[in-house]
Number of protein chains: 2
Amino acid sequence: MQREAMNKVQARVNLSDIARALGVSAAAVSNAMSGKGRISEDLAATIRKKADEMGYVPSVAGRALRTGRSGVLGLVLADIAHPLFPQIAQAIENAASDKGYGILIGDSRGDINAQTKAISRLIERGADGLIIVPRHGTRIAHINHPVAMIDAPSTPGNTVSADHWDGGVQIGSYLRKLGHRNIIVIGGYQDSNVQNDRLGGMKSALSDSARVEVIWVEALETQMGSGCPLGLVPKAQHGVTAFAALSDLHALRAVTELQRAGIDVPGRATVTGFDDLIWSINISPALTTMRMNMEEIANIAVRALITQIEQNSHAEGPVPGGTGDEEPSTKRVPMELVIRDSSGPAPP
Amino acid sequence: MQREAMNKVQARVNLSDIARALGVSAAAVSNAMSGKGRISEDLAATIRKKADEMGYVPSVAGRALRTGRSGVLGLVLADIAHPLFPQIAQAIENAASDKGYGILIGDSRGDINAQTKAISRLIERGADGLIIVPRHGTRIAHINHPVAMIDAPSTPGNTVSADHWDGGVQIGSYLRKLGHRNIIVIGGYQDSNVQNDRLGGMKSALSDSARVEVIWVEALETQMGSGCPLGLVPKAQHGVTAFAALSDLHALRAVTELQRAGIDVPGRATVTGFDDLIWSINISPALTTMRMNMEEIANIAVRALITQIEQNSHAEGPVPGGTGDEEPSTKRVPMELVIRDSSGPAPP
DNA sequence: AAGGTATGCTTAAACGATTAAGCAAACTTT
DNA sequence: AAAGTTTGCTTAATCGTTTAAGCATACCTT
């Protein structure tokens with residue numbers, strides 16, 4: 001009963017099983033599957049057919065041990081719990097699995113030490129390369145491993161990022177065209193590269209035509225307590241007609257705070273956000289925001305990373321700088337203005 | 001110049017390097033590191049010290065090949081983009097990395113076929129076990145692999161889930177105590193196990209004392225278009241005093257829709273949610289909601305999964321049912337009522 | 001002190017894939 | 001037809017770890 005006599009409990013088919021079944025060598029099977037070595041198309045077809053019949057699945061462990069590559073990329077996030085993460089993770093996972101790579105996640109919960117640890121854990125686990133999404137001002141210590149960064153301007157290594165500055169410019173010009181002359185920008189962390197880029201773009205599009213004041217929520221909350229009101233209502237009552245948040249999270253806060261006080265959005269005050277988080281379209285009024293093209297960002301990052309990985313495996317040691325056929329080391333992907341119902345012309 | 005003469009580019013230290021450096025056998029080093037075989041404490045200490053000095057990091061590939069275990073768990077999500085995902089992923093990643101496991105992610109974008117594919121991709125990648133978080137009514141085909149399910153009641157295999165029914169009961173009794181007698185429940189998909197559990201609990205706590213009507217947003221939107229108003233305002237004007245959403249997403253929608261029409265929350269209408277999404281505390285009024293204990297859910301799921309994996313490696317073939325020392329196959333973790341500012345006594 | 005049992009180490013054989021090297025046989029070339 | 005080239009396959013080594021088996025010592029028993 002406990003023998004494998006009838007029920008073929010067949011553990012897992014490997015190359016040699018196929019080879020034995022066909023009376024050929026394992027090397028022939030390997031060549032047939034990879035299409036690499038020298039093998040006749042006839043035999044290759046026979047082998048592939050048999051492999052398919054027998055349900056052959058290559059062992060990643062065996063392959064990894066021999067080739068030194070695992071086929072896995074590490075995705076390092078400063079804080080998984082950030083609401084932008086789902087978009088990023090999904091786009092990256094998709095891009096990677098299209099190229100035959102898996103995604104191993106590493107979270108550092110916003111802590112820099114933990115981030116370094118997360119990175120080494122991923123490397124130790126055999127990740128062939130890392131995609132790192134740092135958050136507000138994190139600096140990554142130099143890593144001797146293929147890396148692609150997302151949204152980390154001026155970091156060494158391949159970096160791809162949404163064009164936050166231009167996004168700011170777009171929102172700024174949009175608000176100017178709507179006639180807003182007295183604007184409050186709501187940001188989170190003052191040391192976030194991303195938010196500063198967005199702010200810079202906005203200011204550059206607005207400074208000659210409007211008064212711009214900035215509120216940093218994080219700073220306010222350390223002073224007034226978490227979840228405190230942002231004090232937008234008196235501002236709205238004294239001439240501010242637009243609240244441009246640097247993230248949808250803050251835009252949401254602004255919308256509810258104003259609405260609660262009976263200030264109509266967008267009738268008496270315009271509110272805009274950034275990121276197009278999943279619920280932005282469902283709130284009332286639906287949020288006007290700037291959307292990143294995550295698919296493209298992810299594709300570029302993954303492609304750049306895989307290029308690095310495959311170069312590394314050909315050439316020994318550190319990759320020489322600039323052979324000419326690489327992706328540019330920093331690439332900016334345009335953002336898209338999504339106009340919905342939370343924005344309108346400035347009231348007279 | 002291109003030799004490794006001066007710069008010790010030292011690829012990577014392995015067991016034999018350490019063995020050679022100390023004049024012992026690789027097996028001794030292996031035993032010292034794992035603490036398994038027979039080895040003197042003296043030599044073990046010496047070896048560990050040397051290994052540390054040399055910066056030894058075990059090769060997962062080598063180990064995986066030999067032991068047949070990769071030390072990686074697959075996290076299968078029906079839709080990564082769901083806003084609840086960050087909480088889940090973070091909790092799982094933490095629980096797993098505490099136990100020395102990595103997390104490989106697989107996304108099925110809500111598509112059942114894609115889910116099956118994602119699952120086999122993860123298995124082919126060598127995941128030792130899977131943690132599956134299905135979404136509204138997904139059925140998982142039987143998998144011959146260790147599995148732990150989250151939030152999928154009545155699925156074969158180890159399942160852990162928040163106690164959604166009891167969460168519903170808690171919210172229901174809370175609303176009853178506040179004097180609400182005319183309540184609208186807002187749900188998403190009518191075929192979601194999770195939402196039906198929550199709804200069932202609420203009804204069981206309310207049915208004898210209040211009129212309860214249910215709005216299914218998904219159904220409404222296929223009829224009226226995505227992002228359509230839910231029509232809550234006339235309801236509020238005709239006696240409904242509480243809107244209990246089965247997810248914070250819908251609660252948010254309710255709050256903004258009511259506020260926009262000048263209906264004060266919670267003065268004239270109470271709104272409650274489920275899940276305690278990250279922004280729930282930051283909107284105005286801060287949302288009253290039910291919170292799952294994700295850390296505990298993740299811990300239980302990961303523990304149960306690892307138990308299965310380690311049993312499997314001892315006993316050959318499918319695990320015999322019920323040896324007595326296993327976790328219960330279905331476990332419910334209590335939810336916690338978080339009272340904030342969006343709920344209050346029913347107006348007279 | 002002879003026998004048995006622990007103890008501490010080594011040797012060697014896996015795990016499953018890849019790939020350089022080797023070797024026939026079948027083609028070219030002159 | 002002799003020499004060279006290409007083609008199609010096999011052999012064997014390798015990646016780094018684990019672990020069963022082997023073999024001396026050293027220790028305990030009576």
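Each chain gets a letter, A, B and so on, in the order the sequences are listed, and its residues count up from 1.
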- line: Between its two end axes (five pairs each) the helix from dG4(C)-dC27(D) to dT30(C)-dA1(D) turns, nearest 10 degrees, through 40°

query: Within this structure, what is the CG-to-C1' distance between Leu43(A) and dT7(D), rounded to whole angstrom?
result: 13 Å

task: Check for a donor-acceptor pair, side chain of Asp128(B) on one end and backbone N or O of Gly71(B) on the other, with a separation under 3.5 Å.
output: yes

query: Separation of Arg69(B) atom CZ from dT17(D) atom P, in whole Å?
result: 17 Å

query: Atom CG of Asp42(B) and atom C1' of dG8(C): how far apart are they, to the nearest Å?
result: 12 Å

query: Leu104(B) versus Val72(A): any side-chain heavy-atom pair under 4.5 Å?
result: yes

field: Heavy-atom closest contact (Ala78(A) atom, Pro134(A) atom, distance)
entry: CB-C, 4.2 Å

message: Just to be sure I understand the rule, does Val24(A) reach a base, reach only the sugar-phosphate, or reach nothing, if contact means heavy atoms closer than 4.0 Å?
response: sugar-phosphate

task: Go through the structure and list residues passing salt bridge (charged side-chain N to carboxylate O under 4.0 Å, His left out) with Arg125(A), not counting sequence neighbours.
output: none

SB check Arg121(B) Glu93(A) (cutoff 4.0 Å): yes

task: Any chance you could list the contact pattern along nucleotides 15-23 of chain C? Use B for base contacts, S for sugar-phosphate-only contacts and - for none, protein heavy atoms under 4.0 Å, 5' to 3'.
output: BBBBB--B-

- request: Calculate the interatomic distance between Arg20(B) atom CZ and dT10(C) atom P; express it in whole Å.
  value: 14 Å

query: Thinking salt bridges, do Arg20(A) and Asp17(A) make one under a 4.0 Å N-O criterion?
result: yes

- request: Determine the minimum heavy-atom distance between Gly126(B) and Val60(A), stating which atoms define it.
  value: N-CG2, 4.0 Å

message: So that I can tick it off, tell me whether Glu41(A) and Arg48(A) are bridged by a salt bridge, with the cut-off set at under 4.0 angstrom between side-chain N and carboxylate O.
response: yes

